[in-house]
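Any value given below was found using the heavy atoms of this structure, including those in side chains, with hydrogens, waters and symmetry copies removed.
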Amino acid sequence: MARRCCRATSRFTGEIHTNFRESFISTIVLFVCLTFPFTTEAGLYTASDQIVILTPDNVDSVLVNSTAALVVEFYASWCGHCIAFSPEWKRLARDIKEWKPAVDLAAIDCANGDNGPICSRFGVKGYPTLKFFHAYSKPDSKGQGFREGPRDVRGLRHKIIEKMETHEEPWPPACPPLETASKAEIDNFFETNGVEHLALIFETSNSYVGREVTLDLLQYENIAVRRVLKTEEALVAKLGVTDFPSCYLYYPSGNFTRLHVQNEARTFYTYALQRLPGVLRAGNTPPVTSDLLKNTTEDQWRPFNGSRVYMADLESTLHYSLRLELAAHPVIKGEALITLQRYISVLAKVPNAALPEGVRWVGCQGSKPHFRRYPCGMWTLFHVLTVQAEEAAGKDPQEVLQAMRSYVHSFFGCRACATHFENMAKDSMSHVGTLSTAMLWLWSRHNHVNNRLAGALSEDPHFPKIQWPSPELCPSCHGVKKSGEHTWNQEELLTFLRSHFSSEHLLSDYLEKEAQLLSRQKESLVARQQEKEQETKRGAERRAREALAEPPPGQEEEEEEEDEEEAQEEPAAEEEVDQRARREHPGGKTFEPPTWVKLEADVSRQSQRRPSIVGLKLRPPQEEIVDLDSFVNQHYKAKALRAAAAGSSRVKRRTLQRQEEPQPGAGLEKEPGLGLGVQPVEPEDLLGQRNTLQKRILTGQYTGSEEEGALEMYPHPNKRRWMSFLSVGFSRLDISLCVLLYFLSSMCLLAMYLFFKNRLRLRRAKVALP
């Protein structure tokens with residue numbers, strides 16, 4: 001029995017090992033997923049949605065003792081109804097964004113294992129569950145659940161207002177009163193309030209417009225909004241109100257006037273009241289028109305038409321993008337290179353655009369240098385490109401959008417902005433199927449960004465973030481539903497976008513003339529070339545100065561070996577002197593150039609060569625340093641040689657003897673016959689000095705004739721070689737390493753042979769068993 005079991009085990013050993021390995025890997029993966037569920041799960045909301053994401057770390061600090069009321073959605077990311085409801089929750093967050101000091105929205109994913117205890121703590125059993133938490137809630141508060149009701153933005157907004165009105169003390173400090181006002185309160189209003197404008201919204205009892213506008217103006221100063229019911233007959237009669245709803249502006253002097261808007265609805269009231277003179281978002285510096293005229297920016301202020309697009313803004317955007325932002329990436333390769341190619345191909349569609357030298361903002365200029373400018377120009381550029389793509393009848397509706405998305409993701413300097421834009425692109429860009437849809441998608445995302453950044457520190461108080469286009473710019477783009485909700489007229493909006501960003505609508509004001517631009521670019525190019533040439537010249541001079549530096553101390557140690565080699569080279573030097581003497585003219589007026597001149601030229605040529613590979617390893621380049629004292633000494637000797645040769649037509653041949661190298665300044669006694677201040681020297685002396693100089697400077701061996709000045713950059717290390725094969729030298733260390741590697745490889749082969757031999761022997765033994 002045991003043998004049979006053994007035989008069966010041996011037959012399926014490979015399969016058992018494979019199954020065990022697969023099971024082990026599966027166990028590890030399951031353990032990681034269970035231990036770190038957040039790595040495989042993703043919630044339905046991000047920070048870009050203007051919704052507070054609750055976690056175990058912040059739930060108490062957000063909900064307990066908060067100065068603002070909160071509405072929390074408890075959801076599960078796997079719940080289909082929660083997924084379908086998430087777009088409405090995001091739209092609601094954008095709709096009541098101005099209410100944040102009084103009420104805010106939050107969400108928590110109960111499907112996340114870490115959040116499970118929190119959802120159980122608040123008694124959540126189904127999804128999605130909405131709970132309202134009053135301001136200054138206690139730690140044991142479980143919130144007030146929303147009863148069954150509408151789940152659209154309008155219904156949820158009204159439900160929140162009802163919850164706010166039932167708020168018990170203490171009242172949220174940032175929330176204005178939502179109850180109706182009486183005539184007595186209005187008459188004494190300015191005695192206790194220092195605002196400049198009082199807006200009275202007359203409506204019926206079942207209308208929410210007054211309370212919604214009151215919360216919309218919550219973050220603005222120098223204005224107050226009160227709700228007046230139709231039943232307040234005394235005040236209605238005093239102002240002569242006949243339409244409900246309607247808005248009137250009441251002043252401290254007792255005067256009043258009706259606020260004229262395109263439609264009597266919440267959105268139009270809010271937009272008009274936010275732009276009254278003196279009304280400003282809390283925390284912003286009041287805009288002063290005189291500052292604009294006096295130039296509060298680095299450049300002179302340029303008057304412009306806010307309803308037009310300027311080519312100067314597009315060209316300034318191209319300059320900053322191509323010359324500054326892309327220049328921050330020294331190496332562009334892979335996906336980033338593909339992104340750049342796609343971006344450039346899209347930019348080629350910009351009509352009649354040039355790449356200027358510098359920026360000149362017009363429609364995108366801000367009241368201060370850090371406002372608007374490049375972000376404004378980037379949005380304008382891509383709006384123009386989407387319209388140009390439709391005019392050119394492009395085939396790919398997402399060409400511009402994908403180029404914009406990849407560029408922002410890879411190169412846009414504001415990384416937080418790139419993350420927000422990527423979240424928007426992942427959410428809905430895939431639904432774009434036509435060129436007109438691409439225009440509308442970009443417009444809607446731009447308005448989402450305006451809504452998110454409204455009131456931020458980056459908002460220019462002179463150019464507040466609004467839902468664009470405004471009612472003044474495009475009245476037909478705005479509409480009102482039967483329920484009183486604002487709506488966009490898509491057809492009219494498309495017509496406006498095609499006209500506003502068309503090539504015929506672009507203004508060329510403040511543009512530099514093309515001839516001047518080309519002239520400046522040419523001058524700049526010439527200046528850069530001259531600067532490059534000067535830099536090259538300075539580099540050559542610097543290398544020449546380095547060549548005249550003192551020799552390193554290591555060279556003195558090699559002088560003994562060089563002296564021994566000089567004795568062997570003396571016969572060859574004598575023959576060279578004889579040849580030189582025979583080539584001279586009888587008159588003695590024509591001479592060969594001094595050998596040190598040729599040497600200097602050869603050294604400069606050698607310095608530009610790259611070191612070669614000799615002996616299977618890279619030899620370090622030798623330092624090329626000229627002894628300045630020897631250089632001066634050779635110079636005077638050369639002059640003395642020419643003076644001596646002028647008086648004699650031939651050079652006497654003498655036995656070449658090694659002389660001691662003169663010290664700097666030695667032998668400078670005056671000679672009346674020469675008039676050079678030095679003693680005449682023989683050519684043999686100069687030649688010997690030159691050979692010594694070659695060896696001391698280049699640590700090489702003189703191999704050619706003196707006239708050619710051929711030098712070998714690296715000496716033949718015959719004394720250092722231990723073995724030579726095929727003109728390649730091997731040291732003792734090389735031979736030792738080879739022997740060691742050969743021994744190790746032999747041991748490895750022997751071990752492998754023994755392992756497989758024993759394994760084969762065991763397998764034969766098992767097969768032989770009955």
> Are side-chain N/O atoms of D216 and W99 paired as donor and acceptor at under 3.5 Å?
Replying inline: yes
> Ring centroid separation for F132 and H134, is it under 6.0 angstrom?
Replying inline: yes
>> With side-chain hydrogen bond (donor to acceptor under 3.5 Å, both in side chains) as the test, pick out the partner of H478 among Q262, Q467, H486.
In response: H486
> Does a donor on one side chain and an acceptor on the other come within less than 3.5 Å for E325 and Y374?
Replying inline: yes
>> Can you list everything that forms a disulfide bond (SG atoms under 2.5 Å apart) with C82? Sequence neighbours excluded, please.
In response: none
>> Can you tell me how the ring of F501 sits relative to the ring of W468, calling it parallel under 30°, perpendicular over 60° and tilted otherwise?
In response: tilted
> Would E472 and Y271 count as having a side-chain donor-acceptor pair, cut-off 3.5 Å?
Replying inline: yes
Table please: side-chain donor-acceptor pairs of residues 62-72 below 3.5 Å, with sequence neighbours left out.
from: S66; atom 1: OG; to: A68; atom 2: N; distance (Å): 3.3
from: S66; atom 1: OG; to: A68; atom 2: O; distance (Å): 3.1

>> Does anything in residues 53-81 form a salt bridge (Lys or Arg N to Asp or Glu O under 4.0 Å)? List the pairs, not counting sequence neighbours.
In response: D60-R121
> E98: what forms a salt bridge (Lys or Arg N to Asp or Glu O under 4.0 Å) with it, not counting sequence neighbours?
Replying inline: R281
> Can you name the residues that form a salt bridge (Lys or Arg N to Asp or Glu O under 4.0 Å) with E422, not counting sequence neighbours?
Replying inline: R405
>> Counting neighbours of CD on E335 that are heavy atoms of other residues, nucleotides or ligands and sit closer than 6.0 Å, is the number greater than 12?
In response: no
>> My understanding is that only residues two or more places apart in sequence, or in another chain, count here; which of them pass side chain to side chain donor-acceptor pair (under 3.5 Å) with H500?
In response: none
>> Using 0.5 Å steps for rounding, measure from the CZ atom of R342 to the CG atom of L347.
In response: 13.0 Å
>> By the ring-ring contact (aromatic ring centres under 6.0 Å, His included) test, which pairs, at least two apart or in different chains, include something from residues 107-129?
In response: F74-F122, F122-F133
> Got a salt bridge between D95 and R266, using NZ or NE/NH1/NH2 to carboxylate O under 4.0 Å?
Replying inline: yes
>> Under the rule for salt bridge (Lys or Arg N to Asp or Glu O under 4.0 Å), what residues qualify as partners of D396, not counting sequence neighbours?
In response: none
> For K90, what residues pass the side chain to side chain donor-acceptor pair (under 3.5 Å) criterion, not counting sequence neighbours?
Replying inline: none
>> Strictly by disulfide bond (SG atoms under 2.5 Å apart), give each pair with a member in residues 437-491 just once, sequence neighbours left out.
In response: C474-C477
> Is any side-chain heavy atom of L494 closer than 4.5 Å to a side-chain heavy atom of L440?
Replying inline: yes
> Just checking, is any N or O donor in the side chain of Q402 or Y407 under 3.5 Å from an acceptor N or O on the other one?
Replying inline: no
>> Any heavy-atom pair between the side chains of F411 and T339 that's under 4.5 Å?
In response: yes
> With side chains defined as the heavy atoms from C-beta onward, is the minimum distance between T487 and V480 less than 4.5 Å?
Replying inline: no
>> Can you tell me which residue among V225, L215, L217 is in a side-chain contact (heavy atoms from CB on, under 4.5 Å) with P176?
In response: L215
> Is any NZ, NE, NH1 or NH2 atom of the basic residue among R498 and E390 found under 4.0 Å from an Asp or Glu carboxylate oxygen of the other?
Replying inline: yes
>> For the residue pair N58 / S61, report whether a side-chain donor-acceptor contact shorter than 3.5 Å exists.
In response: no
>> The criterion is salt bridge (Lys or Arg N to Asp or Glu O under 4.0 Å); which residues satisfy it with R226, sequence neighbours excluded?
In response: E185
> Without hydrogens or angle criteria, can the side chains of T380 and D313 be said to hold a donor-acceptor pair below 3.5 Å?
Replying inline: no
>> When you compare the side chain of T270 with that of E212, does any pair of heavy atoms fall below 4.5 Å?
In response: no
> Shortest non-hydrogen contact from G377 to C364?
Replying inline: N-SG, 3.5 Å
>> For H446, I'd like to know if atom NE2 has over 12 heavy atoms of other residues, nucleotides or ligands within 6.0 Å.
In response: yes
> What residues form a disulfide bond (SG atoms under 2.5 Å apart) with C119, not counting sequence neighbours?
Replying inline: C110
